[in-house]
Structures are given as structure tokens and as C-alpha cells.
Amino acid sequence: MRYKNLEISWIFETDLTNMNAGEGSSNLKEIKSYNNGLPYISGQSMRHALRQSMKREHKDDFKCTPEYPCGDIENCWTCDLFGYLLPGQGAKRWSPIKASPALGQIRYPITTDLIFRMVEDIKCPECGERIYPLAAREGGVKEIKKGSNLECPKCGKKFEAPYDIRQAIAYKQLIKNIYKSNLSVDLANIGLEEVPKIENDKLEGVEEIASISDEEKLKRIVAILEGVYNLSDFAVIGLQEQYNHRLASVLKLHEDGEINIDQFTSVINDALAMENTKIFVGLIRGIIKNEDELIDCINELESDNFVVCDGPKDAFNQVIDWLNGDCDGSS
């Protein structure tokens, strides 16, 4: 495979959500924010969402978890694609997938919603009946502490509450927004391990060990693309022979919901100036306020190396088709 870099920059819109919220000092789940109120979703959360999306379709290829890595990059997608740290073995791997935080672009107001966790049924240790504990409490107490007396409505036997039982009330912040996110994939390092080259007890450089076939590498790249495309309403996808993050700044929205056309054009032209760069773009209507101006700009840029697609899904599918052709020599 001649391409070394896959860069995906995309925009997605949400209604009222509480994505990747932090824990406040009280009973409030606070939205993570920056720049005086703009929400964001951490890069770690975006990587987790991608990993879970991929795992749903390729469960058997994820042999371990990030908390307990196995270090087998040849067979385990968790360790190969998302990296690992094995302190006991002095081994680590940098992830070839780099995900930026998803940054909210528009300063919408925040609203607050009530969270009410109902008391769950518990099992009577005498007759096995599942009972609503508040109906079995003595004297109408508001809270049932561990060890409090309960009486089963079915068999009449008394028993002690196994744990504190109470209804929990909390609040969470909600906000709607348009988020911008970026993902860079170091294609050359998928399935590739670097080890020290020692000769005569001296370090003589680094030796690269290819652990997987081109077919297996392509399978993993396609899984990454398929894991991302369901998240996007507007996607710009670049294939490049040089590893860089040039396209990460291509989608810049003003707080009024309009995309920065000058920056979009400048970044695209700069990326296309690099030899053998291929860019695919797909847009869902109704997300960008100045979409007519943007579409005119996209159509003017259309060329052999700047492919205008029928929506984000078509863009991802065309990238997959192009990579398949590149690997079998037909492109």
C-alpha cells in the first residue's frame, strides 16, 4: 500500500445530549466545556466510541481490553490499533490512531434535566419472591439502611435489607450543538512493530518487523472507516503518501453555524498540492447554514484528486473501494 496517512475530518449534529459529561461536586452531571461555554467530547471518549463501534462488527478480532492488554499486535486489534502499555514487560506501543476532541462550534444555551433512579426489586431470601422494597419497609421510613427490617408481602417473613435502598435524584446538563472532530491514522504502522537492532552488544538502529499481510492491514483500515462513517453528517477524507495533519483544520465553523469557506478552500488546495493526495468529500444537507455557498465551492474544486460524493456514507465507501483497488493494483 503506497498511502501512509488517512485523515478524516467530520462534523456531526446532536440534539439535546449529555455526551462525555464530567462529575460535578454535587449531584450534577456537568457538560465538559471550554472557551466560556462551548461543549467538547474528549479525544479519549471519541477513541472509545470508535473502538466500541468497530468491536460490534468485529468482536472476535479484539482479544483483550485496554485495561488488560495482551501485546499481540499480529492478532489483536485492541493492541495494534489502539496501543498498549505493559509496565511489567517494559513494553509499549503508540496507537496509529490519533483522535482529537470533538469540539462544539456554536454557543447554544445549556438546560438542566432531572435524573430519577427508581428503587429496584430485591429477592426475598425465604420464598424467592421479587418484591418492591419500599412496600416491605416498616413504619413508612423514607430511606432503608442496610440491616433495616423488611417484611415480605407474600410469605410474611422478615429479613434484613442487604444494602442501603433509596431513590436517587440528580440533575444533568443538556445542550444541542454541531461538533467538529478529526481522526488521523498512521497507515504505515498498522501491524508494524519496531524493535532495537543490536549487533555486537551495540544499538545499530531500529528494525521494522511486518507482522500482518497487506490483506489483513486493509481489513483493519476498512473497519476503522466503517466505524467512523455512521457518526458523520459532513466528512472530508484524505489519503496521502506523507503522514501529516493538514486536513485537520479544513472544517472551521463560525458560531453562527456557517463554515469558513476561505479556510476550507485554502486547506484543500494546500493538501492537494502534495503529490498523489486523494480527497473525498460528502455532505448531508441542512447542517451547515451557508451550505449553498459551500456546495458551489466544492463543485468548483472537483477534480480527479478531489472527489465529490453523494453524502458521507458514499464518501467512506468510495475510499474503501479506492483502497481495495490500490491494494490489488487496479487503481
Side-chain angles (χ1 to χ4, degrees), residues 8-56 62 65-69 78 82-83 85 95 97-122 130 132-134 137 141-146 148 161-183 227-234 248 251-257 284 286-287:
I8 308 172
S9 186
W10 76 95
I11 286 174
F12 60 97
E13 184 179 36
T14 67
D15 289 324
L16 287 176
T17 56
N18 184 259
M19 302 177 73
N20 190 217
E23 296 294 338
S25 57
S26 62
N27 59 341
L28 174 66
K29 290 180 67 66
E30 297 176 315
I31 287 173
K32 292 182 178 180
S33 64
Y34 77 108
N35 192 16
N36 195 27
L38 289 173
Y40 75 91
I41 306 167
S42 69
Q44 181 180 2
S45 181
M46 296 299 292
R47 278 166 49 89
H48 174 76
L50 172 60
R51 184 171 62 248
Q52 292 302 108
S53 177
M54 295 172 63
K55 191 174 181 179
R56 281 191 287 271
F62 288 81
T65 66
E67 296 81 11
Y68 298 97
T78 304
F82 295 93
L85 177 63
S95 170
I97 297 176
K98 302 294 186 291
S100 75
L103 304 178
Q105 301 294 295
I106 302 176
R107 204 173 300 279
Y108 283 120
I110 294 175
T111 188
T112 303
D113 195 17
L114 174 69
I115 306 172
F116 188 65
R117 186 177 64 194
M118 297 295 293
V119 174
E120 295 182 356
D121 289 349
I122 60 174
R130 298 194 66 84
Y132 183 54
L134 295 184
R137 60 189 170 175
V141 295
K142 292 183 178 180
E143 292 189 1
I144 302 173
K145 299 293 185 181
K146 181 179 179 180
S148 299
Y163 45 78
D164 290 350
I165 301 171
R166 64 186 181 89
Q167 292 175 325
I169 296 176
Y171 299 89
K172 62 179 178 181
Q173 292 181 330
L174 301 172
I175 193 171
K176 64 172 292 185
N177 222 285
I178 298 175
Y179 293 86
K180 177 176 76 71
S181 187
N182 302 289
L183 191 77
V228 173
Y229 80 70
N230 284 329
L231 305 175
S232 61
D233 294 322
F234 177 22
L251 300 179
K252 172 65 175 176
L253 265 69
H254 301 296
E255 288 190 20
D256 60 2
I284 289 179
I287 306 300

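Leu251 approaches Ser9 most closely through the heavy-atom pair CD1-O, 3.5 Å. The shortest non-hydrogen separation linking Arg47 to Ala99 is CG-CB, 3.5 Å. The two residues Leu50 and Gly227 have their closest heavy-atom pair at CD1-C, 3.8 Å. Closest approach of Lys176 to Leu16, counting heavy atoms only: N-CD2, 3.8 Å.
Sorted by first and then second residue, the side chain to side chain donor-acceptor pair (under 3.5 Å) pairs involving residues 97-112 (not counting sequence neighbours) are Arg107-Glu255.
In this structure Ser45 satisfies the side chain to side chain donor-acceptor pair (under 3.5 Å) test with no other residue, sequence neighbours excluded. With sequence neighbours left out, the ring pair (Phe, Tyr, Trp, His ring centres under 6.0 Å) criterion links Phe234 to no other residue. Residues forming a side chain to side chain donor-acceptor pair (under 3.5 Å) with Ser181 (at least two apart in sequence, or on another chain): none. The side chain to side chain contact (heavy atoms under 4.5 Å, CB included) check on Asp15 picks up nothing, with sequence neighbours excluded. Annotation: side chain to side chain contact (heavy atoms under 4.5 Å, CB included) contacts of Ala248 (sequence neighbours excluded): Glu7, Asn182, His245. Every side chain to side chain donor-acceptor pair (under 3.5 Å) that Ser42 has, sequence neighbours left out, goes to Asn20. Considering only residues two or more places apart in sequence or on other chains, His48 meets the side chain to side chain donor-acceptor pair (under 3.5 Å) condition with Arg51. By the side chain to side chain contact (heavy atoms under 4.5 Å, CB included) test, Thr78 is found to be paired with Phe62, Cys64, Pro66, Cys76, residues two or more places apart in sequence or in another chain being considered. For Tyr179, the side chain to side chain contact (heavy atoms under 4.5 Å, CB included) partners two or more places apart in sequence, or in a different chain, are Phe12, Thr14, Pro39, Ile41, Ala102, Ile175, Asn177.
Contact check for Tyr40 versus Asn35: no side-chain heavy atoms found under the 4.5 Å cut-off. The closest side-chain heavy-atom distance from Ile8 to Tyr229 is not below 4.5 Å.
For the atom pair NZ of Lys172 and CG of Leu114, the computed distance is 10.0 Å after rounding to the nearest 0.5 Å. Rounding to the nearest 0.5 Å places CD of Glu30 at 9.0 Å from CD1 of Ile110. Here OH of Tyr34 is found 4.5 Å from CG of Leu103. Values are rounded to the nearest 0.5 Å. Summarising the geometry, atom CD1 belonging to Ile287 is positioned 9.0 Å from atom CD1 belonging to Ile11; distances are rounded to the nearest 0.5 Å. Atom CG in Leu253 sits 6.0 Å away from atom CD1 in Ile178 (nearest 0.5 Å).
Not one N or O on the side chain of Asn18 forms a donor-acceptor pair closer than 3.5 Å with the backbone of Leu174.
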